[in-house]
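What follows is a set of notes on a single structure, which appears directly below.
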Amino acid sequence: MEIVYSISAFGILFSMMLALIRAAQGPTVFDRILAVNMFGTMTVLFIGVVGYLTNRPDFLDIALVYALMNFIAIIAVLRYRDFSVDPAEEAENHEHS
Amino acid sequence: MNFIIAASSATHDASTIGGHGTFHYILIMALMMTGIYLILSRSNMIKSIIGLNLFQVAVIMFYVSMGKVEPGTAPILMAEDVPHAEHDGHHDEAHDADSHDAPPAAHSPDPKKDVELGAHTLDHSKKVTVGPTTSKVSKITYSNPLPHVLMLTAIVVGVATTALALSLVVRINEHYGTIEEDELEDKGVLI
Amino acid sequence: MIIHGITIILFLFLYVIAIVIGRSRNLFAAVMLSGIFSLISACLFVIMDAVDVAFTEAAVGAGVSTVLMMIVLNLTSDRESPPVQPKVFPLLVALLTGGVLIYATKDMPAFGDPEALIHQSQTTNHYLWHSFEESHIPNVVTTVLASYRGYDTLGETTVVFTAAVAVMLLLGHVRESETPPKLINDPIALVGAKMLIPYILLFALYVQFHGDFGPGGGFQAGVMFAAAFVLHGMVLSPKHTLKAAPALIIEKLVALGVLLYAAVGIYCLFKGGNFLEYDVLLSHGEKPNPHGQHIGILLVEAGVGLTVFAAMLTLFYKFALRGKA
Amino acid sequence: MSILEIIGSVFLLSGTLVCIIGGIGIVRFPNFFARIHAASVPDTLGAGLCLLGMVVLTCGLSPEQGYDAKLIALIIVKLVSIGIFIFVTSPISGHALAKSAYRDGLGVEPEDDAKSQTQEGAS
């Protein structure tokens, strides 16, 4: 079974590398966010697979925390990046919430 | 395919001749170097703080890597090392005395035997023979928990101090209108 | 060998990220990449068996740190001005320091060597093989953190408290911002986040109380509790979160956690033991008293969780409610 | 290898393959809105297949390997909750991202890459 887990781990690592390339070269800031998001998902899977590879799959808590923190980081990025937003629309949304 | 045996026996060979034994530490030191360079070379304060974080992660990794025992696993006792002890608060004196003459090492004294035992428990495909649960002679090797404890708290303290640095940056920006050390120097604030 | 290969690949990722952070003029990208950096380092911690450290790094480094840095970038500027001249001196210092450190590693025991001096220590072996019979907690890290090295942890909790107080002093008076903080402007994110927040809180409780049996504990759970509120504050606005968790109460909780921790220690003194010697709790005199240890660790972890949660949330409030200069 | 292990391995490996395909897409596609399609593949299908494979493999674990029924149930619950979490969060963040990009005036033509690069530099 180790061979299956290691192929899977290396495949996910390769996929992480590709996401990293996109995060490093941009070109727009959105590409970076996209790549970071995908990288986070890959990390979750990677931790899961490594847990099986080292024969302690009860460490999936960590993967769960990764999924959560990734989401929060992405929301933070979108929230605090200065996007040009229409002020009128913003005020309207303020009332709705 | 039994990678754990291979890895651990390789380490045992290497420990005598100093081969790839300290390789991890060199990797970590190189990471520290990039952190130091980032701190010193950048005039932007946020970049310096990021560099400080990288440096901190490298130091933490150095500590944690010292706690690793090669055929080991995380220091959370597995089911066979957890005797179903009495939960009524009474403590068995005989049990206590028995545990005092237990082997003191985090691994059994004979490294060869240790490797074999570790392989037996960690090999995924093989059947694990559950040992006598009252005995303190464990077949499982655990990594050293002490560096983990120290570094766990260090990370949380690290984020608290990072926040302090960031709040200073915010105040500097409000007062002087810049977060570049070079520009502060030009203004005569920083000497 | 496979684990070694994975380790080396992850280290390569770390170098690439560090170099890209160094070269990038866009601070925004640098902060995001530092988030990835701590994700990868957490993977390495898992491989090096430090699951609790990985847990904390993932929660703190990728979550709270990134959020705080993003807010600060929003308050200041997300562009780095080009350097006046290339600097040789820092490179020399870095190379010299690194060279000395690498030279020093030659004397280190090999990586993972079970014969290394650190693993022969009597204390470590006591922690590993006697902690279960003394406290009935399988996670040795939790036992060492809260019981054997309880003094340390009390000190660390106090440091978190002090840092929170310092940030409160520095950013205390709320500047009224001319441009109010924007909303994320997205009903889907709002609904999704509202749906997730209860489960995040539930999971944080699980982490808090399951820390005895698996990775987790007060530090991680506190960060995750705060993360749920931070998420709420980000999809709505921090002002809405202030209604749910008023800053005055949260600021008092920062101190309450430390006080709870210290109170457990002082109560032990009154019961006739040493400071933070939980054996005397619920005890009739017998010395290794797993029940007392258990209850003591539970209370102490609760104190840690309370302080960390309140400190992180206070940090978020102080930064997020600050107007742009 | 038991039948469960074979099924689980097939799921896990096909999930990995999907992840790699998505990764190639995210590097090779010409502009942001094409890349967001590629990124959604590993986030949903890839992660789903991998987690499904892990669930099946966990079912195949036996008490002789140190896993009793309670532990296996706990692991499966965790895997399922990770799956639900990813399935909820990743489309949300993808949607928020696409919306922000659209509002920021990002185009869909391949040559927009060069233009937006200067935009990022200027902003």
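In what follows, chains are A, B, ... by sequence order, proteins preceding strands, each numbered from 1. Computed from a predicted model, the values in this text were never measured in an experiment.
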Proximal component of [X], with respect to chain C [non-hydrogen, under 4.5 Å]:
| X | result |
| --- | --- |
| B/Leu31 | both |
| B/Thr162 | side chain |
| B/Leu27 | both |
| B/Met32 | side chain |
| B/Ile172 | neither |
| B/Ile155 | both |
| B/Ala30 | both |

Let me see the working for C/Val140 and B/His148 under side-chain contact (heavy atoms from CB on, under 4.5 Å), right down to the final yes or no.
CA-CA 10 Å; C/Val140 184; B/His148 303 179; over 6 Å; no
Is it the side chain or the backbone of [X] that comes within 4.5 Å of chain B heavy atoms, both, or neither?
| X | answer |
| --- | --- |
| C/Ala116 | neither |
| C/Ala18 | both |
| C/Val223 | neither |
| C/Val308 | side chain |
| C/Leu91 | both |
| C/Asp152 | side chain |
| C/Met312 | side chain |
| C/Ser34 | side chain |
| C/Leu315 | side chain |
| C/Phe213 | backbone |

Tell me the closest heavy-atom pair linking C/Val72 and B/Leu166, and the distance in Å.
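Closest pair (atom of C/Val72, atom of B/Leu166, distance): CG2-CB, 3.8 Å.
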Partner chain B: residue of [options] with the largest heavy-atom pair count (under 4.5 Å):
| options | answer |
| --- | --- |
| C/Gly98, C/Ala163, C/Pro138 | C/Pro138 |
| C/Val60, C/Leu92, C/Thr162 | C/Val60 |
| C/Val51, C/Val160, C/Ile118 | C/Ile118 |
| C/Ile71, C/Asn139, C/Thr153, C/Ile8 | C/Asn139 |
| C/Ala311, C/Pro109, C/Ala59 | C/Pro109 |
| C/Thr157, C/Val159, C/Leu27, C/Val64 | C/Leu27 |

Heavy-atom pairs under 4.5 Å with chain C, option from [options] with the top count:
| options | result |
| --- | --- |
| B/Asn144, B/Leu164, B/Ile39, B/Val57 | B/Asn144 |
| B/Met61, B/Met151, B/Met66 | B/Met61 |
| B/Ile46, B/Leu38, B/Ile36, B/Val64 | B/Val64 |
| B/Asn53, B/Ile49, B/Thr34, B/Ile60 | B/Ile60 |
| B/Gly177, B/Gly67, B/Pro147, B/Gly158 | B/Gly67 |

Ignoring hydrogens and angles, tell me if any N or O in the side chain of [X] forms a donor-acceptor pair with the backbone of [Y] under 3.5 Å.
| X | Y | value |
| --- | --- | --- |
| B/Lys68 | C/Ala50 | no |
| B/Lys47 | C/Arg25 | no |
| B/Arg171 | C/Leu170 | yes |

Rounded to the nearest 0.5 Å, what separation is found between the [atom1] atom of [X] and the [atom2] atom of [Y]?
| X | Y | atom1 | atom2 | value |
| --- | --- | --- | --- | --- |
| C/Thr142 | B/Ile76 | OG1 | CD1 | 7.5 Å |
| B/Met33 | C/Tyr15 | CE | OH | 9.0 Å |
| C/Gln220 | B/Leu152 | CD | CG | 5.0 Å |
| C/Thr105 | B/Ile26 | OG1 | CD1 | 4.5 Å |
| B/Ser167 | C/Leu75 | OG | CG | 11.0 Å |

Evaluate the ring planes of C/His4 and B/His24, with Trp represented by its six-membered ring, and classify them as parallel (under 30°), tilted (30 to 60°) or perpendicular (over 60°).
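The rings of C/His4 and B/His24 stand perpendicular, inter-plane angle above 60°.
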Looking only at side-chain N and O atoms, does C/Asp49 offer a donor or acceptor that is under 3.5 Å from a partner on B/Ser143?
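There is such a pair (donor and acceptor under 3.5 Å, judged by atom type) between the side chains of B/Ser143 and C/Asp49.
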